[in-house]
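By convention in this document, chain letters (A, B, ...) are assigned in the order of the sequence lines, proteins followed by strands, and residues within each chain are numbered from 1.
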Number of protein chains: 2
Amino acid sequence: MTAPSRKRATGRPTLADVAAAAGVSPITASRALRATRGVDEQLSARVREAAEALGYVPDPAARALASAHSSQVAVLIPLLSNALFVDLLEGVQRVLRPAGLQTLIGVTHYQPAEEEALLRSYLAHRPAGLLVTGFDRTAAARGLIERSRVPCVHLMETQAAGEAYAVGLSQDAAGAAMTEHLLARGRRRVAFVGAQLDPRVLQRLAGYRRVLQAHGLHDPGLELLDPAPSSIALGGVLLQRLLAARPDVDAIFFCNDDLAQGGLLAALKAGLAVPQRVAVAGFNDLAGSDQWLPPLTTIRTPRAEIGERAARMLLALLRGEAVDARQVDLGFELVVREST
Amino acid sequence: MTAPSRKRATGRPTLADVAAAAGVSPITASRALRATRGVDEQLSARVREAAEALGYVPDPAARALASAHSSQVAVLIPLLSNALFVDLLEGVQRVLRPAGLQTLIGVTHYQPAEEEALLRSYLAHRPAGLLVTGFDRTAAARGLIERSRVPCVHLMETQAAGEAYAVGLSQDAAGAAMTEHLLARGRRRVAFVGAQLDPRVLQRLAGYRRVLQAHGLHDPGLELLDPAPSSIALGGVLLQRLLAARPDVDAIFFCNDDLAQGGLLAALKAGLAVPQRVAVAGFNDLAGSDQWLPPLTTIRTPRAEIGERAARMLLALLRGEAVDARQVDLGFELVVREST
DNA sequence: CTGAAAGCGCTTACAG
DNA sequence: CTGAAAGCGCTTACAG
């Protein structure tokens, strides 16, 4: 009888097996493999060899149960169908995976209620950390995060962060910068076309307003806001709607590149000269915007870097290291192409 | 002293608390909450009330450890930056979430080695189920899946499934259908432009070849294959390269919409009349393709349905229910617009 | 239909 | 630096 019939065993080697093979106690094996505290280097090496030889893989469930912390980080984003958030996720995973942390992706569809439900479900898993988008959530969700005491870093925005950890950029400043650019190009009737109307779009809008007001050029009739989700198709529709209402418009600041791309296609279709007749700008610098007709002027946002930096901040928090700045503003870049 | 100082307790109510409140044993409480076997309806109701009153949330780690199965399903896809896979995921989550299963998303970047590493890491979590893309993986990865005995459904392809569970469409037939369409439009020098060159692209290529060969029109010089990742920019580049090499081409079948969109933009830029001078077709019917200039002829793939159907098949397997068909072909739709 | 016992595979907290 | 004991919060397998 080589294998004693342990009734419920899974067949996978356990820490006890590794410990036995290395001739140490399970706790010592545990400590050696986690490199947690001073374990004699010789013993440590023996344990690692034994683990290697047996093909030992720690059981995350047992680990989570015993330590009250899983090795998963929950990330909540509004949408997966927006390249912006995909880039953000790639940045996050690039940092988290090498650190042995898994990413649990939750998609909120811009619905606070959905986010709250996801939070409940994910918090039950006692994630090691939490990454959430922006600050716009239900009071209940905020309470859940706080009471869970799980370290949490906020993504994309830095405004209104208060004491919270956050990595992002000033959406307001970026909106202002684009508006300044359009004015510098000699435009005077600058429209803002927004969809989805999530907090970040509204912050860009605030920047746009501030600049126009400062120049005495703000005209509420040039703001076109639609709560529908952004898309190329909607960009075309909104361009038409705006032109019908305000044929005198000489520049359009679309709140993101999807809309702007659709706007440009619609302009081409309608024979509307861009930028001669009307300048067109976007936001985010998504893939393809540089290939457009004409190439699109936009704001490049460092979303991959935001993801990486936020993940590194979270790692620091998990390790109990000091975080020098609770809020990190990674800025943006105005990319001027032929559409303005 | 109300709260006895249980040293390592988390403060959250446990199954024992619920059982005590309901006046039953923990096992009965467990069974009542899982609705697993005949528990007296009265007791069951009492347990559910107690759980509700205490705000009890089962600990997934404890559950996983005791049952040897987590409530997570690992999904491996090549890329998140392709809308195709995002739609697939949405379909999967739409079915899995209501069933109480969480989705663990792994991105392989089309690298079999990366997929194998992800598989190792995810399998350590003893997922309840596995959803993987296609059949192109390392032998080691195949072995891992098999030995894990975790139910696995394959996505997107049905070809070469053998005994495996799979939900998808015949990429080959879709490639053939598009080629037939171009021939029916009177085109005779039909090019195939492919990038990434993953198995599904090659299957579309096979369909294309088969049809052209049947018509005696196959010309290897009209196949342009580039292993680089697909993008709008690459579509433009490949269009130029093809035209330079074969100015006589009268139709171009791009292996996906990203490339085709870029090809159309480049054609516009170059003043190349589409479809008069050359017809252009894509694959997948991504967002925006209907808004293009001209609107793009393409193949609509039912990826959301594939995700849903695969998830439902997985649920059936988890419940030990019979699955009538191991392979499900959900077909495709030829969408003819003005570009051909 | 219900339950007492044992166990899942780890780590914490306490000693030495 | 190392370890024996206890425990994390559930479910399985066996009785009755």
Separation of atom CG in B:Leu65 from atom C1' in D:dT12, rounded to whole Å:
12 Å
For A:His154 and A:Phe135, I'd like to know if the aromatic rings sit close, meaning centre-to-centre distance below 6.0 Å.
yes
Map B:Asp40 and B:Ala62 onto DNA chain C by nearest heavy atom, then report which one ends up closer to the 5' terminus.
B:Asp40
Nearest to the A:Arg126 side chain among D:dG9, D:dA13, C:dT11, which nucleotide is it?
D:dG9
Using Watson-Crick geometry (N1-N3 plus N6-O4 or O6-N4) or G-U wobble (N1-O2, O6-N3), each under 3.5 Å, C:dC1 is paired with D:dG16
How many Å lie between CZ on A:Arg12 and P on C:dC8, as a whole number?
14 Å
Salt-bridge contact A:Arg48-A:Glu41 (side-chain N to carboxylate O under 4.0 Å):
yes
What nucleotide among C:dT11, D:dC10, C:dG9 has an atom nearest to a side-chain atom of B:Arg63?
D:dC10
Heavy atoms from C-beta onward define the side chain here; which of D:dT2, C:dG7, C:dG9 lies closest to that of A:Asp59?
C:dG9
Could you check how far CG of A:Leu33 sits from C1' of C:dT11, rounded to whole Å?
13 Å
To the nearest Å, give me how far apart CG (B:Leu15) and P (C:dA4) are.
14 Å
So if I take every side-chain heavy atom of A:Ser30 and compare against C:dT11, C:dC10, D:dT12, which nucleotide ends up nearest?
C:dT11
The nucleotide from C:dT12, D:dG7, C:dG3 with an atom nearest the side chain of A:Ser67 is C:dT12
How many Å lie between NE2 on B:His125 and P on C:dG9, as a whole number?
16 Å
Using whole Å, what does the distance between atom P of nucleotide D:dG3 and atom CZ of A:Arg31 come to?
9 Å
B:Glu163-B:Gln327 side chain donor-acceptor pair, cut-off 3.5 Å
no
Please report the distance, rounded to the nearest Å, between CG in B:Asp17 and P in D:dG9.
9 Å
Among D:dC10, C:dT12, C:dT2, the one nearest any side-chain atom of B:Leu43 is C:dT2
Rounded to the nearest 0.5 Å, what's the gap from CZ on B:Arg94 to CG on B:Leu89? Could you check?
11.0 Å
Please state whether the phosphate of D:dT2, meaning OP1 or OP2, lies under 4.0 angstrom from any side-chain nitrogen or oxygen of A:Ser25.
no
Flag for A:Thr138-A:Arg142: side-chain donor and acceptor within less than 3.5 Å:
no
Euclidean distance, atom CD1 of residue A:Ile27 to atom P of D:dG7 [Å, nearest integer]
16 Å
